[in-house]
Amino acid sequence: MFIQIPRGTYDVLPDQSPVWQKIEETARAVCDLFNYKEIRTPLFESTDLFQRGVGDTTDIVQKEMYNFKDRGDRNLTLRPEGTASVVRSFVEHKLYGLPDQPTKLYYIGPMFRYERPQSGRTRQFTQFGVEALGSADPSIDAEVIALALTFYQRLGLKHLKLVLNSLGDPETRAAHRKALIAHFKPSIGEFCEDCQRRLEKNPLRILDCKKDHDHPLMATAPSIIDYLTDSAAAYFENVKAMLDEMGITYELDPTLVRGLDYYNHTTFEIMGSSKGAISTLAGGGRYNGLVSELGGPETAGVGFALSIERLLLALDVEDISLVGPASLDCYLAAIGGHAEAKVPALLNELRKAGLRADKDYMDRKVKAQFRQADREHAKFVVVIGDDELAHQEASVKKMADGSQETVSFSKLPDYIKSKLTD
RNA sequence: GCGGUUAUGGUGAAGUGGUUAACACACCGGAUUGUGGUUCCGGCAUGCGUGGGUUCGAUCCCCACUAACCGCCCCA
């Protein structure tokens with residue numbers, strides 16, 4: 001009986017896993033440079049955490065969560081995003097009490113959302129994210145953005161666009177919301193059904209609508225930027241000034257609204273090249289207030305999350321390959337039954353000496369063993385047959401030029417090692 | 001949740017209502033009694049997503065289901 005992989009999931013097969021390893025390695029290296037430390041939280045949490053943290057009205061909570069009850073009748077959810085868990089852990093372990101503030105954290109791992117799969121969107125996907133908790137300094141906003149861009153640039157991406165906005169403080173949002181409703185309400189009948197629903201629920205989202213994008217009221221809609229309080233505006237100016245100083249270019253987009261309720265002040269997205277409909281590689285922003293919402297002390301926070309899957313797509317579009325073909329240091333070819341008995345021990349010696357070595361397990365003919373060695377890009381092939389056994393010497397062929405020498409069994413590891421460094 | 005397209009070997013794919021389901025790549029073997037990337041020769045789907053139906057007969061026609069891909073919504 002053959003059982004298929006669940007919808008919206010995929011396997012990373014051995015030919016692709018080196019690429020993932022390279023990406024993860026790069027993420028860790030960049031975080032290390034920026035002095036962010038890794039945090040690992042569970043893949044599932046109490047459902048309440050996401051309802052409160054992400055927001056009850058969001059699509060994520062309303063229709064995309066993988067909920068289940070365990071045998072103890074607890075309501076649990078496979079995490080749809082990383083920030084809520086990180087904040088939960090921050091509060092639970094009272095990390096805010098440590099002398100080392102702000103708390104700068106990163107994570108890499110799978111997230112789960114029940115959605116229709118398409119290009120750049122799967123039900124299990126992988127995020128690399130960063131959270132800086134405990135500082136409301138605008139330089140952290142800029143730092144987090146710089147970290148994301150540095151990561152992409154290290155991987156070779158060229159076509160990146162940073163889009164920036166500010167959602168201001170709660171006061172700003174309330175005033176803007178009121179203005180939006182007043183602006184759209186008289187003519188809301190001319191808008192799509194979704195927008196009609198959005199009017200009361202979250203009028204900010206109307207600005208994001210693709211169907212009604214060309215409606216005349218869109219262009220004249222009140223911009224959040226005009227409603228920023230003095231302090232919120234000053235904060236945003238600070239962030240922009242720091243990005244300018246860093247030489248980071250950005251595009252301001254007053255309609256940039258993020259999908260999670262917890263955002264305020266700075267929000268941003270990084271877009272890349274994409275062959276599909278989705279070009280957002282990363283999204284993030286500031287979320288002052290989330291920590292206290294989740295039971296901790298009043299604490300500022302800022303972070304982003306990016307999708308490894310979408311990064312892979314962008315790398316593909318830009319025709320960037322992160323890893324070359326793997327090669328074997330040597331391949332042991334056995335000829336005849338006597339040799340086969342001896343080969344495993346020799347192989348083991350080579351491996352213990354730190355050489356990447358392998359042999360045939362498919363009862364292949366000599367020719368096929370060489371073909372296999374070639375396929376694996378083996379640098380040397382060690383041939384063991386009756387003659388070699390008789391003299392306790394192996395024939396060692398250098399695949400690059402076809403030259404061959406005889407080397408005694410005992411000197412084999414050292415011989416190959418020395419030749420490899422030539 | 002909605003819409004479109006597709007479903008043939010390990011892979012890419014052609015194909016027809018009727019005896020043996022092209023071709024290419026990959027793989028294996030032989031030409032080369034113990035040596036790679038070229039060449040030549042040979043082998044490799046009792047089977048055409050699953051379940052029904054139409055028919056003397058279906059991989060090909062019809063229906064349902066499932067899945068994948070793409071798009072909408074939304075998002076990373």
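Treat the numbers as computed from the prediction; the structure is a model and nothing was measured. A, B, ... follow the sequence lines: proteins, then strands. Residue 1 opens every chain.
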Discussion item. Could you tell me the Watson-Crick or G-U partner of B:G3, where both distances fall under 3.5 Å? Say none if there is no partner.
Written reply: B:C70
Discussion item. Whole angstroms only, please: what is the CG-P distance between A:Asp11 and B:A68?
Written reply: 12 Å
Worksheet entry | Partner nucleotide, any strand, of B:G18 [Watson-Crick/G-U, under 3.5 Å] | B:C56
Discussion item. Between P on B:U35 and CG on A:Asp386, what's the gap in Å once rounded to a whole number?
Written reply: 14 Å
Item to complete: Would you name the heavy atoms of A:Tyr36 and A:Ala132 that are closest together and state the gap between them?
Response: OH-CB, 3.9 Å
Worksheet item: Under 4.0 Å between a Lys/Arg side-chain N and an Asp/Glu carboxylate O for A:Lys352 and A:Glu349?
Response: yes
Worksheet entry | A:Tyr235 ring center within less than 6.0 Å of A:His265 ring center | yes
Discussion item. So for A:Arg310 and B:C75, does any side-chain atom that can act as donor or acceptor lie under 3.5 Å from a complementary atom in the base?
Written reply: yes
Item to complete: Would you classify A:Gly336 as touching base, sugar-phosphate or nothing, given that sugar-phosphate means primed atoms plus P, OP1 and OP2, and contacts are heavy atoms under 4.0 Å?
Response: nothing
Response to the item:
Whole-Å distance, A:Phe380 CZ to B:G36 P, equals 18 Å
Item to complete: Check the distance between B:C75's C1' and A:Leu256's CG and give it to me in whole angstrom.
Response: 12 Å
Worksheet entry | Heavy-atom donor-acceptor pair, A:Lys365 side-chain to B:G34 base, under 3.5 Å | no
Worksheet item: When all nucleic acid strands are considered with a 4.0 Å heavy-atom cut-off, which category describes A:Ala368: base, sugar-phosphate, or nothing?
Response: sugar-phosphate
Discussion item. So A:Arg371, base contact, sugar-phosphate only, or nothing? Heavy-atom distance under 4.0 Å.
Written reply: sugar-phosphate
Practice prompt. Take A:Asp169 and A:Arg286 through the salt bridge (Lys or Arg N to Asp or Glu O under 4.0 Å) test and state the conclusion after the steps.
Written response: CA-CA 10 Å; A:Asp169 48 30; A:Arg286 188 160 269 289; over 6 Å; no
Discussion item. Measuring only the P atom in each nucleotide, how far is B:G29 from B:U6? A whole number of Å is fine.
Written reply: 41 Å
Item to complete: Please determine if a side-chain N or O atom of A:Gln127 lies less than 4.0 Å away from the OP1 or OP2 oxygen of B:A76.
Response: no
Fill in: Close aromatic pair by centroid cut-off 6.0 Å: A:Phe44 and A:Tyr66
no
Item to complete: Identify the nucleotide, in any strand shown, that forms a Watson-Crick or G-U wobble pair with B:A13, with both distances under 3.5 Å; if there is none, say none.
Response: none
Worksheet item: In the structure shown, which nucleotide is the Watson-Crick or G-U wobble counterpart of B:C65, with both distances under 3.5 Å?
Response: B:G49
Worksheet item: Does A:Arg7 get its side chain close enough to the base of B:A68, under 3.5 Å, for a donor-acceptor pair?
Response: no
Worksheet item: Does B:U39 have a Watson-Crick or wobble partner in any strand here, with both distances under 3.5 angstrom, and which is it?
Response: B:A31
Worksheet item: Across the strands shown, which category fits A:Arg364 at heavy-atom distances under 4.0 angstrom: base, sugar-phosphate, nothing?
Response: sugar-phosphate
Discussion item. Any base atoms under 4.0 Å from A:Gln404, or only sugar-phosphate, or nothing? Heavy atoms, all strands.
Written reply: base
Fill in: Between P of B:U35 and CD of A:Gln372, the distance in whole Å
17 Å
Practice prompt. Answer with base, sugar-phosphate or nothing: what part of the nucleic acid does A:Thr83 contact at a heavy-atom distance below 4.0 Å?
Written response: nothing
Worksheet item: Is there a donor and acceptor pair closer than 3.5 Å between the side chain of A:Glu115 and the base of B:A76?
Response: yes
Discussion item. Categorize A:Leu311 for me: base, sugar-phosphate, or nothing, with a 4.0 angstrom heavy-atom threshold over every strand shown.
Written reply: nothing
Worksheet item: Is any side-chain N or O of A:Arg375 closer than 4.0 Å to OP1 or OP2 of B:C27?
Response: yes
Discussion item. What is the distance, to the nearest angstrom, from the CZ atom on A:Phe125 to the C1' atom on B:A76?
Written reply: 5 Å
Item to complete: Verify whether the ring centers belonging to A:Tyr96 and A:Phe90 lie closer than 6.0 Å.
Response: yes
Worksheet item: With a 4.0 Å cut-off on heavy atoms, is A:Gly402 in touch with a base, just the backbone sugar-phosphate, or nothing at all?
Response: base
Worksheet item: So what does A:Gln4 hit on the nucleic acid, given a heavy-atom distance under 4.0 Å: a base, only sugar-phosphate, or nothing?
Response: sugar-phosphate
Discussion item. Base, sugar-phosphate or nothing for A:Glu376? Non-hydrogen atoms, less than 4.0 Å.
Written reply: nothing
Worksheet item: Does A:Lys367 put a side-chain nitrogen or oxygen below 4.0 Å from OP1 or OP2 of B:G36?
Response: yes
Fill in: B:G12 and B:C75, which share atom name P, separated by this distance in whole Å
35 Å
Discussion item. Counting the atoms with a prime plus P, OP1 and OP2 as sugar-phosphate, which does A:Ala282 contact under 4.0 Å by heavy atoms, base, sugar-phosphate, or nothing?
Written reply: sugar-phosphate
Practice prompt. Using the P atoms only, state how far B:G71 lies from B:A58, rounded to an integer number of Å.
Written response: 39 Å
Worksheet item: Between A:Leu147, A:Leu149, A:Leu155, which is the residue that forms a side-chain contact (heavy atoms from CB on, under 4.5 Å) with A:Val30?
Response: A:Leu147
Item to complete: Examine B:C70: is either OP1 or OP2 under 4.0 Å from a nitrogen or oxygen in the side chain of A:Ser119? Give yes or no.
Response: yes
Worksheet item: Can you check the A:Leu313 CG to B:C69 P distance for me, whole Å?
Response: 12 Å
Worksheet item: Just checking A:Val366: base, sugar-phosphate only, or nothing, at a heavy-atom cut-off of under 4.0 Å?
Response: sugar-phosphate
Response to the item:
A:Arg116 CZ to B:G3 C1', in whole Å, measures 9 Å
Practice prompt. Remember a base hit wins even if backbone is also touched, and classify A:Gly82 as base, sugar-phosphate or nothing at under 4.0 Å, heavy atoms.
Written response: nothing
Discussion item. Quick one: does any side-chain atom of A:Arg79 pair with a main-chain N or O of A:Ser85 as donor and acceptor, under 3.5 Å?
Written reply: no
Worksheet item: Ignoring hydrogens and angles, does a donor from either the side chain of A:Gln118 or the base of B:C75 sit under 3.5 Å from an acceptor on the other?
Response: no
